[in-house]
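Within every chain, numbering begins at 1; the chains are lettered A, B, ... in the order of the sequence lines, protein sequences first and strands thereafter. Not measured: the values here are computed from a predicted model.
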Protein chains: 2
Amino acid sequence: MKIEDEIRQKPFKDAYSKAVVNLLYTHSYLVTEQSKIFKPHDLSPEQYNVLRILRGQHPEPITVSSIQDRMLNKMSNASRLVEKLKIKKMVERKECAVDRRQVDITITGKGLEILEQLEEEVNKFNKSILNLTKSEVEQLNDLLDKLRG
Amino acid sequence: MKIEDEIRQKPFKDAYSKAVVNLLYTHSYLVTEQSKIFKPHDLSPEQYNVLRILRGQHPEPITVSSIQDRMLNKMSNASRLVEKLKIKKMVERKECAVDRRQVDITITGKGLEILEQLEEEVNKFNKSILNLTKSEVEQLNDLLDKLRG
DNA sequence: TCTATTTCAATGTATATACAATTAATGTAT
DNA sequence: ATACATTAATTGTATATACATTGAAATAGA
């Protein structure tokens, strides 16, 4: 449905203004649906993302600031997310030997298991949540990659 | 830049998985930039959105639940956002005469003034933040409108 | 070496999102 | 008319985002 109708708004000033609102609205739609997958596993979308970053390095550790760098939201707070995951025993934290300011984070067996369980489900979700053909999705990716300048 | 490079990640499983991440990442980019406009006016992007909804009805009032319906994020909390705006004297709250459960919200002169001041700036921002041609932006809007099914 | 600056992680505070629970008012059914 | 269900708004609690500050450790420069 056209976004003007969904949020019952007057026509937008121009396509650019519409696109900004459209991106915000689509994001909300996406995250709301996505949360339903992660919730039964006691994970938020952001915590899931941190686990994926850690798996990408496994079995090597990665520092908190490197996690931050790779997070989808640069303004988020890797330190606190790691703490939440540690409480759930999905990650381990170890003082870095060469630089004691840094903290080495590693995903645990439990963390890897949960990612494994979610893998199939997430792939299915990603395909089904976007009501677009393959070529449309590719177009969308190109536009988003270009959009950010 | 391609998102794989920006977040230093391995290639995605498929275009759909990439698009989901791409939308989350682009949203974060957008909101971070957008906040810089609203901050000097002591508004968050969400509060700005509520003010726009109220202006759309002005001078008629609108109930809290109608605001909620039209918000970009359906899971947000119109009641609390209205309270914040009331403290700043940008909106007024009045018990609804015909149904005392409802609360009529109206934008104040001060609220309208601030929207007025922001108008030009927001239009310029929306145009400059999206590094796309007019026809690309239109394409993007079509894809997003279709995406949500 | 000693001082100043920078870096890394953690912490504090405000706002917003997500979702459950509560309370008052209204509507409905018998 | 009374009991029951529904609706509207508020409130509570947990998580996350946004941004500033702190404190410890490392680095650079005089």
Side-chain angles (χ1 to χ4, degrees), chain A residues 24-25 27-51 61-88 90-91 93-105, chain B residues 24-25 27-51 61-88 90-91 93-105:
Chain A
L24 300 181
Y25 187 66
H27 170 264
S28 170
Y29 159 79
L30 210 61
V31 171
T32 299
E33 294 303 313
Q34 217 186 17
S35 296
K36 294 176 191 164
I37 296 183
F38 299 130
K39 185 126 207 194
H41 296 270
D42 193 25
L43 279 179
S44 68
E46 296 75 11
Q47 289 173 13
Y48 172 75
N49 185 40
V50 171
L51 284 183
I62 178 174
T63 65
V64 173
S65 59
S66 290
I67 295 173
Q68 188 85 63
D69 272 355
R70 297 173 195 205
M71 283 177 65
L72 298 178
N73 192 319
K74 301 301 180 214
M75 288 300 128
S76 190
N77 194 316
S79 178
R80 277 193 266 242
L81 288 175
V82 164
E83 173 62 18
K84 297 270 166 64
L85 291 170
K86 195 196 160 199
I87 288 168
K88 293 179 223 175
M90 297 179 191
V91 308
R93 204 158 45 182
K94 232 178 15 194
E95 188 184 83
C96 176
V98 288
D99 185 338
R100 282 186 301 158
R101 286 172 306 182
Q102 297 186 345
V103 181
D104 280 343
I105 313 294
Chain B
L24 299 181
Y25 187 66
H27 170 264
S28 169
Y29 159 78
L30 210 60
V31 170
T32 298
E33 294 303 312
Q34 218 186 15
S35 296
K36 294 176 192 165
I37 296 184
F38 299 130
K39 186 128 206 191
H41 297 269
D42 192 26
L43 279 178
S44 68
E46 297 73 12
Q47 289 173 13
Y48 172 75
N49 185 40
V50 170
L51 283 184
I62 178 173
T63 65
V64 172
S65 59
S66 290
I67 295 172
Q68 188 85 62
D69 272 354
R70 297 172 195 205
M71 282 177 66
L72 297 177
N73 192 319
K74 300 302 181 214
M75 286 302 127
S76 191
N77 194 316
S79 179
R80 278 194 263 243
L81 288 175
V82 164
E83 174 61 18
K84 297 270 166 63
L85 292 170
K86 194 195 160 199
I87 289 167
K88 294 179 222 174
M90 296 180 191
V91 308
R93 205 158 44 183
K94 233 182 5 196
E95 189 183 83
C96 177
V98 287
D99 185 339
R100 282 186 302 158
R101 286 171 306 184
Q102 298 186 344
V103 180
D104 281 341
I105 314 296

(message) Contact list please: residues 35-46 of chain A against DNA chain C, heavy atoms, distance less than 4.0 Å, in numerical order.
(response) Lys39(A)

(request) Identify, residue by residue, the members of residues 64-78 of chain A with a heavy atom below 4.0 Å from DNA chain C, and return them in order of residue number, or none. (result) Val64(A), Ser65(A), Asn77(A)

With a 3.5 Å cut-off and sequence neighbours excluded, list the donor-acceptor pairs that the side chains of residues 35-42 of chain A form with protein atoms.
unit_1	atom_1	unit_2	atom_2	d
Ser35(A)	OG	Val31(A)	O	2.9
Lys36(A)	NZ	Glu33(A)	OE1	3.4
Lys36(A)	NZ	Glu33(A)	OE2	3.2

(request) List the atom of Val91(B), the atom of Val82(B), and the distance in Å for their closest heavy-atom pair. (result) CG2-O, 3.8 Å

(message) Minimum heavy-atom separation for His27(B) and Leu24(A), please, with both atom names.
(response) CD2-CD2, 3.7 Å

(message) Applying side chain to side chain contact (heavy atoms under 4.5 Å, CB included) to Asn73(A) and Met71(A), what does each step give before you reach the verdict?
(response) CA-CA 5 Å; Asn73(A) 192 319; Met71(A) 283 177 65; 5.6 Å; no

Roughly how far, to the nearest 0.5 Å, is [atom2] of [Y] from [atom1] of [X]?
X         : Y        : atom1 : atom2 : answer
Gln47(B)  : Met90(B) : CD    : CE    : 7.5 Å
Asp104(B) : Asp99(B) : CG    : CG    : 10.0 Å
Arg93(A)  : Glu83(A) : CZ    : CD    : 4.5 Å
Glu46(B)  : Leu85(B) : CD    : CG    : 11.0 Å

Under 3.5 Å, which donor-acceptor pairs do the side chains of residues 61-69 of chain A form with other protein atoms, sequence neighbours left out?
unit_1	atom_1	unit_2	atom_2	d
Thr63(A)	OG1	Ser65(A)	OG	3.4
Thr63(A)	OG1	Ser66(A)	N	3.3
Thr63(A)	OG1	Ser66(A)	OG	3.2
Gln68(A)	OE1	Ala78(A)	N	3.2
Gln68(A)	NE2	Lys74(A)	O	3.4
Gln68(A)	NE2	Ser76(A)	O	2.8

Residues forming a side chain to side chain donor-acceptor pair (under 3.5 Å) with [X], sequence neighbours excluded:
X         : value
Gln102(B) : none
Arg80(A)  : none
Tyr29(B)  : none

(request) At the 4.0 Å heavy-atom cut-off to chain A, mark where contacts on DNA chain D begin and end, going 5' to 3'. (result) dT15(D) to dA26(D)

(request) With heavy atoms under 4.0 Å as the rule, sort Thr63(B) into base, sugar-phosphate or nothing. (result) sugar-phosphate

(message) Among residues at least two apart in sequence or on other chains, which ones pass side-chain contact (heavy atoms from CB on, under 4.5 Å) with Arg100(A)?
(response) Glu95(A)

(message) Less than 4.5 Å apart, side chain to side chain, heavy atoms only: is that true for Val50(A) and Lys84(A)?
(response) no

(request) With a 3.5 angstrom cut-off on both distances, give the Watson-Crick or G-U wobble partner of dA18(C), or none if there isn't one. (result) dT13(D)

Please write out the pairs of protein N or O atoms and N or O atoms of nucleotides 23-28 of chain C separated by less than 3.5 Å, giving the distance to one decimal.
unit_1	atom_1	unit_2	atom_2	d
dT26(C)	OP1	Arg100(B)	N	3.1

(message) Does anything in residues 79-88 of chain B come within less than 4.0 Å of DNA chain D? Heavy atoms only, and list the residues if so.
(response) Ser79(B), Arg80(B)

